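Since the model is a prediction, treat every value here as computed from it, not as a measurement. Protein chains get the first letters and strands the later ones, always in sequence-line order, with residue 1 at the start of each.
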2 protein chains.
Amino acid sequence: SGGLSLTCIGWIKTVWEFCKEDSNRVIFSLKVGLAVLLVSFLILFQAPYQVFGTSIIWSILTVAIMFEYTVGATFNRGFNRALGSLLAGILAVSVAQLAIFAGHVAEPIIIGFSIFLIGALTSFLKQWPSLVPYEYGFRVILFTFCMIVVSGYRKGNPVRTAIDRLYAIAIGGFVAVLVNVLVCPSWAGERLHKELVKNFDAVADSLEECVRKYLTDDGSEQTEFSKTVMDEFPDEPAYKGCKATLNSSAKIDSLAISAKWEPPHGRFRHFFYPWSEYVKVASVLRFCAFEVMALHGVLHSEIQAPYNLKTAFQSEIQEASSQAAELVRSLGKDIMNMKRNLRTSLLKRVHSTTERLQRAIDMHSYLLTSGHDFANDNKSNSAKLLSKQVSHENSPDLVFDQGSGAGDGNGSQEMPSNQTPAETPDQNGTPATAARVAVESYHEAMKKQQRRLYSWPSREVDDQFEEGSSGVDFLPRMKALESTASLSLATFTSLLIEFVARLDHLVEAVDELAKMANFKYGDS
Amino acid sequence: SGGLSLTCIGWIKTVWEFCKEDSNRVIFSLKVGLAVLLVSFLILFQAPYQVFGTSIIWSILTVAIMFEYTVGATFNRGFNRALGSLLAGILAVSVAQLAIFAGHVAEPIIIGFSIFLIGALTSFLKQWPSLVPYEYGFRVILFTFCMIVVSGYRKGNPVRTAIDRLYAIAIGGFVAVLVNVLVCPSWAGERLHKELVKNFDAVADSLEECVRKYLTDDGSEQTEFSKTVMDEFPDEPAYKGCKATLNSSAKIDSLAISAKWEPPHGRFRHFFYPWSEYVKVASVLRFCAFEVMALHGVLHSEIQAPYNLKTAFQSEIQEASSQAAELVRSLGKDIMNMKRNLRTSLLKRVHSTTERLQRAIDMHSYLLTSGHDFANDNKSNSAKLLSKQVSHENSPDLVFDQGSGAGDGNGSQEMPSNQTPAETPDQNGTPATAARVAVESYHEAMKKQQRRLYSWPSREVDDQFEEGSSGVDFLPRMKALESTASLSLATFTSLLIEFVARLDHLVEAVDELAKMANFKYGDS
């Protein structure tokens, strides 16, 4: 029993954590309890029961069915129920009167036929694309119609039944709305607002995480794809967030639909607040997030650029991505604080950093296609190249800042850019030891790289290729793979640049939202 | 009134089209009509009404609420309703008996408190992650409990009320299930099966469309991003399909949940059919579709590789993508026909073609980084390069098939691969006219290219960069952009290669499904 009490304590702890995570859950539960309690008073106390009679029981049903999490959703559902009941009531009373006039024999036939017709018609209409959001309303029409017509047939007086039922539903709806709005209201607009801001942060986090992992991954601890569960990498919490952002479109759409039903409240004070702009901004943000997913694809691709090549462009990639992430985050913050900022300076900075990255890639593009040299037996060239590169590493400002000279006019220092690897003069005074270290680390990286390359295309299929081929073409094949491996860095940077290009549209969309929602100009 | 009748005819046409598009919609509507009609007979005819009494009205409500599109969903909802009503009935009877024993004064207090408690508890539980699918069941518990307790309090005999209600619900549920299963049943499993196959085709179509457009787009008719509606390109019908595939996860999940409720039927004859494998395959397929989205991103990127560069690799890209698309399509076809094929030969072909693409990129990688030469004043080199390239175009087998010699052992013919552009010998006997045409078309393409490049980074921000910088660094900047433009081709091919790499996992997932679902071995 000690074990039992332990599991019991663990269970209570889990529930407690669940409540603490979002206290609104508990509040919502208590609100529902309160609403049904209030309605049940109408029956439990003698006075109201004598006024309304047994049909008041429908108001309990209405509360239980209508009470939704947010105010907007409750209004929406209430509207569906009210309009549906009203239409059904009118239809039912008309049909019932017609049936009574038709006489005793025809009455059940007319009623049966009308039930069939309404059943088929409502079910057909609720599949019509523009009417799909009102699915619940059509269900209400159907069962309300059936109940009024049928009970009218058995008890007589369908008008009385219809009116009683509408009364009960109106009272139930009134109580549900009242409790929902007056007791700790949970506004769909507020949730939408927070959800959008959260998405901005998720995309920024995921971008930074991806780039950080790409730059630090030296290939030693590759998690094999087939061994991990699809799409899930335990050491990438932000990736999950980014994926959630991509899947959030349905959630955001439904929150926006609910938000449109809400009256002005809290921070959203003016009528016709542009909730649909939130949907647009979220869609542009997802458009950016697709690039982050593609970056993740490169990160987890089995073909990887050599670690040394990655480090050569580390500072530029790092800078561009962290500035892009900062821009995304500050856009999210602007929305959160409802401030309007054009963020021109940040955008400018991101663009200039990205341009520096482009230029660095351009100047050292021979590195990306020098797989030939790397694989040849004369390692002297590549060793020189590499030692050069390592010396850049140690003093990154020396070379790369020439590339970044967009604003400081040092174009005259520009390295001759049509230099090819074969022509690279061996003029830099790197100490011999440093060069040797570089060569050794290069060898090691290359060995690792080759081990990993072998795993693609997958072993099994690869063996089957081999059958007809002689050993002669083995070397060129390896070279092709190496070159592709180096181009994987080009892919990574291109995707990063494309991400930055899409930020323009994101800034524009956020500014459009800020304009339409009358955000105040601010500087934070 | 002529206009009115015209709009009326147009309207009827639209409805007709809607029905023809999926005749199941009409069948579903008629089925609902039939089900409610059958239930209403219980009340309209004298005999059953005398047996069951007025509470039979609840069976109409049950049919209207329970009747879902697919058999599985109806079972699922019916289960929720049945179990919910049963639990609520037991709870309500217990509480009511307790209240009666407690005496006249305490009775309403106990009932009120229990209503509050059940309201809060069910609302809390339905938010618990693992209980979210049973949301409807908790709603049923709440309102059934309230109705039995309250009407028991007013009419006495809560046990009788509870049993009557359960009867009525059982009858309604029985009719709903019977009609749903016996009259043109719409199986969730069948729909899931078709939906998955459709997704395979959508991804294949989208890949082919994207590559076709990429290769034929010479930059003359660039639809500007800001002018088109986000994410929508009217001339890309397949793109929409691919996006729909990415957004289909919720649909597939819910269909799989419904399918699990269905008994063996039609082609899915054995118990515990692995519906969850469908979800897994769909998830791997989405994983592949992400790469297609990234390819689309490159296609619509404002930085584009020169048209000539694209044509140089046209046949390889074309072949790799169409074979990849064929593989995806044939996997979809295997699932459709429930055949098990390993598709090794197709996978082998795709891999070998992709390898050829890699090798072509590798051998001509100088083209990707030769922006320097292209932009210099001495056009002679690039003209030579280009005329060479054009002659390759005319006889693609001559050069590229050397690269593809994986199986035919012609490694000795291999072009010296450490050749750099400066060293390219002018030995090929292209006619002078062809060369001139090539040079001219190159000039034109380059001009267009430059016009387009200027639009990125966006004009506005760009102007602000210019402020502090002298004219000196303009040229290198252009070069940097050109090089990035060429690398965009490398990005495109890398993404295509990554797509092919992911196909391994797709083939594996489909085979796992085929194994678990006992697909028969077949050769179509």
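At a 4.5 Å heavy-atom cutoff, B:F41 makes no contact with chain A through either its backbone or its side chain. Neither the backbone nor the side chain of A:K31 comes within less than 4.5 Å of any heavy atom of chain B. Within the 4.5 angstrom heavy-atom criterion, atoms from both the backbone and the side chain of A:Q127 approach chain B. Interface remark: A:T62 contributes no atoms to any contact with chain B (heavy atom separation under 4.5 Å). Contacts of A:F45 with chain B are made by backbone atoms alone, with heavy-atom separations under 4.5 Å and no side-chain atom involved. Using a 4.5 Å cut-off between heavy atoms, B:V15 touches chain A through backbone and side chain atoms alike. Residue B:Y153 touches chain A through its side chain alone, counting heavy-atom pairs closer than 4.5 Å. Looking at A:F492, there are no atoms closer than 4.5 Å to chain B (heavy atoms on both sides), in backbone or side chain. When heavy atoms are compared at a cutoff of 4.5 Å, B:I65 approaches chain A by way of both its backbone and its side chain.
Judged by distance alone, with hydrogens and angles left aside, the side-chain atoms of B:R25 form a donor-acceptor pair with the main-chain N or O of B:F18 at under 3.5 Å.
Going from atom OG1 of B:T493 over to atom CG of B:L357 covers 5.5 Å, rounded to the nearest 0.5 Å.
Across B:L37, B:L44, B:V32, B:V39, the residue that shares the most heavy-atom pairs under 4.5 angstrom with chain A is B:L44.
With no hydrogens or angles considered, no side-chain donor-acceptor pair links A:S29 and B:S123 at under 3.5 Å.
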